[in-house]
There are 2 protein chains.
Amino acid sequence: MPAKAPLPRQPVRGSTTGRPIMALLDLLGRRWSLRVLWELQNGPLTFRALQAACDGVSPTVLQQRLKELRAARLVVHDEGRGYALTEAARQLQPNLMALQDWAEAWAREEGSRETGSEEQE
Amino acid sequence: MPAKAPLPRQPVRGSTTGRPIMALLDLLGRRWSLRVLWELQNGPLTFRALQAACDGVSPTVLQQRLKELRAARLVVHDEGRGYALTEAARQLQPNLMALQDWAEAWAREEGSRETGSEEQE
DNA sequence: GATAATGCTACTAAATCAGTAGCGCAAGGA
DNA sequence: TCCTTGCGCTACTGATTTAGTAGCATTATC
């Protein structure tokens, strides 16, 4: 039995308070959630196209994530065009772009460090 | 064998390109990653305090996440004060606060919908 | 009829996470 | 010294989640 889709105003995995941010962190903190939102930024994708965009994520998980994201009204399945972000999700887009920028700077930071040491398996 | 800590400029789970955003999405898309950053916003926490803040997350996973976040230089373990965000991580803070605001609006949206239907188990 | 693309499900194996217990260490008080 | 407390961290078992592969039913196009 998979976990319930996190929704605001009700307890979620890891928090019983019902605080909306906790539901959001639960939702986005599941594998492929952020990635799916990222890949849908440039327009709708069919299930299979989305699967390909996410480097061949297994359909089981993708199906599960889409179910949750639809329950949370971040994604809709527009018959014919495929899966698309809702208006609500689009308001998260600036955040995602900011993450993008941040990640670029992060890479420069790490790149200039020249360690090659502290990885882990 | 747990997965490697995602770092920019190298392939990660779900993407072989080495694009920094992919590493970031992999890193943040692991359970408790976003939550840990969230909980550390207001200052350093000891391991146990952090564990409590995250509603008793199992020490195994918390240890793993902290390892990854330290490898990514988002978190440091300041001996004596506990775990703290790095300057780099602090630049993500506005994003997290934006998520907070977004989540509040999300809750109002959902709250005004009055369905109580489309959950899933 | 053959081919291809769609969304989606079933199934097994692998990886991750949860839950609990406990270690070694250091500090503080009696 | 003994006792207690808190610290970071590890071990272990079982539950949950994810990966990987195959395949179905449907629709559309040739």
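Throughout, protein chains are lettered first and strands after them, A, B, ... in sequence-line order, and every chain is numbered starting at 1.
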Asker: Whole-Å distance between D:dT17 P and B:R30 CZ?
Answerer: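 Rounding to the nearest Å, CZ of B:R30 and P of D:dT17 are 18 Å apart.
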Asker: Can you tell me how far the CZ atom of A:R13 sits from the CE atom of A:M22, to the nearest 0.5 Å?
Answerer: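 Between atom CZ of A:R13 and atom CE of A:M22 there are 14.5 Å.
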Asker: Can you list everything that forms a salt bridge (charged side-chain N to carboxylate O under 4.0 Å, His left out) with B:R70? Sequence neighbours excluded, please.
Answerer: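 So B:R70 forms no salt bridge (charged side-chain N to carboxylate O under 4.0 Å, His left out) with any residue.
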Asker: Between the main-chain N or O of A:R31 and the side-chain N or O of B:R30, is there a donor-acceptor pair closer than 3.5 Å?
Answerer: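 Not confirmed, B:R30 side chain does not pair with A:R31 backbone.
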Asker: Do A:L69 and B:W106 share a hydrophobic cluster, counting only Ile, Leu, Val, Met, Phe, Trp and Tyr and linking them when any side-chain heavy atoms are less than 4.5 Å apart?
Answerer: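 Yes, it is one cluster - the side chains of A:L69 and B:W106 are joined through contacts under 4.5 Å.
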Asker: Tell me which residues in residues 74-84 of chain A lie within less than 4.0 Å of DNA chain C, going by non-hydrogen atoms.
Answerer: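 The answer is A:H77, A:Y83.
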Asker: Give every residue pair that meets the side chain to side chain donor-acceptor pair (under 3.5 Å) criterion with at least one member in residues 80-93 of chain A, sequence neighbours excluded.
Answerer: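 Side chain to side chain donor-acceptor pair (under 3.5 Å) check on residues 80-93 of chain A returns A:D78-A:R81, A:R90-A:Q93.
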Asker: Could you go over nucleotides 12-14 of chain D and give all protein N or O partners under 3.5 Å, atom names and distances?
Answerer:
none

Asker: How many Å lie between CD on A:Q63 and C1' on D:dA19, as a whole number?
Answerer: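 For the pair A:Q63 CD and D:dA19 C1', the rounded distance is 16 Å.
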Asker: For B:R65 and B:P59, find the nucleotide of DNA chain C closest to each by heavy atoms; which residue's nucleotide sits nearer the 5' end?
Answerer: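 Mapping each residue to its closest nucleotide by heavy atoms, the 5'-most match is B:R65.
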Asker: Side-chain heavy atoms nearer than 4.5 Å, only ILVMFWY residues, links allowed to pass through others: does that put A:L25 and B:L45 together?
Answerer: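 The answer is yes; both residues are in one hydrophobic cluster.
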Asker: Is there a side-chain contact between A:W32 and the phosphate of D:dA19, meaning an N or O under 4.0 Å from OP1 or OP2?
Answerer: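 Yes, within the criterion.
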Asker: Taking protein heavy atoms under 4.0 Å as touching, what does nucleotides 25-30 of chain D look like 5' to 3' if B marks base contact, S marks sugar-phosphate-only contact and - marks none?
Answerer: ------
Asker: Establish whether A:I21 and A:L7 are linked, either directly or via other cluster members, by ILVMFWY side-chain heavy-atom contacts under 4.5 Å.
Answerer: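 No, separate clusters.
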Asker: Honestly curious: do A:L34 and A:L74 fall in one hydrophobic cluster under the side-chain, below-4.5 Å linking rule?
Answerer: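 Same cluster.
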Asker: Among all residues two or more places apart in sequence or in another chain, which pass the side chain to side chain contact (heavy atoms under 4.5 Å, CB included) test with B:P59?
Answerer: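 With sequence neighbours excluded, B:P59 shows a side chain to side chain contact (heavy atoms under 4.5 Å, CB included) to B:F47, B:Q51, given in chain and number order.
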Asker: Please identify each residue that fulfils side-chain hydrogen bond (donor to acceptor under 3.5 Å, both in side chains) with A:T17, with sequence neighbours left out.
Answerer: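 A:T17 satisfies side-chain hydrogen bond (donor to acceptor under 3.5 Å, both in side chains) with A:S15 only.
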Asker: Report whether B:L27 and B:V12 are members of the same hydrophobic cluster (ILVMFWY, side-chain heavy atoms less than 4.5 Å apart, transitive linking).
Answerer: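 B:L27 and B:V12: one cluster.
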Asker: Between side-chain atoms of residues 94-105 of chain A and protein atoms elsewhere (two or more places apart, or another chain), which donor-acceptor pairs fall under 3.5 Å?
Answerer:
{"from": "A:W102", "atom 1": "NE1", "to": "B:A88", "atom 2": "O", "distance (Å)": "2.9"}

Asker: A:L62 CG to D:dG20 C1': how many Å, rounded?
Answerer: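 Going from CG in A:L62 over to C1' in D:dG20 covers 14 Å.
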Asker: Hey, can you pull the residues of residues 33-53 of chain B with a non-hydrogen atom under 4.0 angstrom from DNA chain C?
Answerer: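 By residue number: none to list.
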Asker: For the pair made of CD in A:Q64 and P in D:dT18, what is the distance, rounded to whole Å?
Answerer: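 A:Q64 atom CD is separated from D:dT18 atom P by 8 Å.
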Asker: Go through DNA chain C in 5' to 3' direction and return only the first and the last nucleotide with some atom under 4.0 Å of chain A's heavy atoms.
Answerer: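 Here the contact window of chain A covers C:dT6 to C:dC11.
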Asker: What are the residues of residues 16-24 of chain A, sorted by number, that bring a heavy atom to within less than 4.0 Å of DNA chain D?
Answerer: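 Nucleic-acid contacts, sorted: none.
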Asker: Under a 4.5 Å cut-off applied to non-hydrogen side-chain atoms, are A:E68 and A:Q63 in contact?
Answerer: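 No, every pair of side-chain atoms sits at 4.5 Å or beyond.
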Asker: Would you say the side chain of B:L50 lies within less than 4.5 Å of the side chain of B:C54, judging by non-hydrogen atoms?
Answerer: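 In contact.
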Asker: Please name all residues satisfying salt bridge (charged side-chain N to carboxylate O under 4.0 Å, His left out) with A:R35, sequence neighbours left out, ordered by chain then number.
Answerer: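 Once residues adjacent in sequence are excluded, the partners of A:R35 under the salt bridge (charged side-chain N to carboxylate O under 4.0 Å, His left out) criterion are A:E39, A:D55.
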Asker: Closest-nucleotide mapping onto DNA chain C: is B:G56 or B:R13 further toward the 5' terminus? I mean the 5' end.
Answerer: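 Its nucleotide being nearer the 5' end, the pick is B:R13.
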Asker: Would you say the side chain of A:L28 lies within less than 4.5 Å of the side chain of A:L37, judging by non-hydrogen atoms?
Answerer: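 Yes - at least one pair of side-chain heavy atoms lies under 4.5 Å apart.
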Asker: At less than 4.0 Å, is any side-chain N or O atom of A:R31 found next to OP1 or OP2 of D:dA19? Yes or no.
Answerer: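 A:R31 to D:dA19 OP1/OP2: side-chain N or O found under 4.0 Å.
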Asker: Do A:L62 and A:V36 touch side chain to side chain, with heavy atoms closer than 4.5 Å?
Answerer: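 Yes; the side chains approach each other to less than 4.5 Å.
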Asker: Is there a salt bridge (Lys or Arg N to Asp or Glu O under 4.0 Å) between A:E110 and B:R73? Walk through the geometry before answering.
Answerer: CA-CA 9 Å; A:E110 293 293 317; B:R73 300 185 190 280; 3.6 Å; yes
